[in-house]
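Worksheet: one structure, shown below.
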Amino acid sequence: MLDVGADTPAYTIGVVADMTGLTARQIRYYEKAELLKPVRTKGNQRLYCQKDIERLVQIKKLLNKGLNAIGIKKILDEQG
DNA sequence: ATTCTAACA
DNA sequence: TGTTAGAA
């Protein structure tokens, strides 16, 4: 009850892929590109929270603007 | 069934 | 970016 928020619940890559419209491939790639940092669980599975979802959505919008992982990293770095 | 890593095209 | 192999 104290852990409820935009940073606690976590979704698997499959659900975030469905919510963001990206593919698991892209999500894994952006993670490697340092665009975000999902938490790992037990079997090394990526767990994305609401915040990560919004971040992925933002990345997607940036991609539509003509940016690439490099430009997005710069923007996310400025915001962090 | 779902996800993970690594590697290739 | 898509996909495949083998593994958990």
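First the proteins, then the strands, lettered A, B, ... as listed; each starts at 1. The figures here come from the full heavy-atom set of this structure, side chains too, leaving out hydrogens, waters and symmetry mates.
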> Which letters describe nucleotides 2-8 of chain C, given B = protein heavy atom under 4.0 Å from base, S = only from sugar-phosphate, - = neither?
Replying inline: BB-----

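- Contact check, A/Thr12 against B/dT2: no side-chain N or O comes under 4.0 Å of OP1 or OP2.
- Between the P atom of B/dT3 and the CD1 atom of A/Ile13 lies a distance of 7 Å, rounded to the nearest Å.
- For residues 65-74 of chain A, proximity to DNA chain B is found at no residue, defined as any non-hydrogen atom under 4.0 angstrom from a strand atom.
- The OH atom of A/Tyr11 sits 19 Å away from the P atom of B/dT2 (whole-angstrom rounding).
- Counting heavy atoms from C-beta outward, A/Leu36 and A/Leu76 have side chains that stay 4.5 Å or more apart.
- The nearest whole Å value for the distance from the NZ atom in A/Lys32 to the C1' atom in B/dT5 is 9 Å.
- Considering all non-hydrogen atoms of both residues, A/Lys37 and A/Asp52 come closest at O-OD1, 4.5 Å.
- Contact between A/Ala69 and A/Ala33 at its shortest, heavy atoms only, is CB-CB, 4.0 Å.
- The listed nucleotides are B/dC4, B/dT3, C/dT1; the one nearest the side chain of A/Tyr30 is C/dT1.
- For the pair A/Lys60 (side chain) and A/Thr20 (backbone), a donor-acceptor distance under 3.5 Å is present.
- A/Arg28 has its CZ atom 9 Å from the C1' atom of B/dT5, to the nearest Å.
- Atoms CD (A/Glu31) and P (B/dA6) sit 11 Å apart, rounded to a whole Å.
- Closest contact between the side chain of A/Tyr29 and the listed nucleotides B/dT3, B/dT5, C/dT1 involves C/dT1.
- A pairwise comparison of heavy atoms in A/Arg55 and A/Leu35 identifies CD-O, 3.6 Å as the closest pair.
- Put simply, the side chain of A/Arg46 reaches to within 4.5 Å of the side chain of A/Tyr48, judged on heavy atoms.
- With contacts defined as side-chain heavy-atom distances shorter than 4.5 Å, the pair A/Leu56/A/Leu22 qualifies.
- Nearest heavy atom pair, residue A/Cys49 against residue A/Thr8, reads CB-N, 4.4 Å.
- Formation of a donor-acceptor pair under 3.5 Å by the A/Glu54 side chain with backbone atoms of A/Lys51 is not found in this model.
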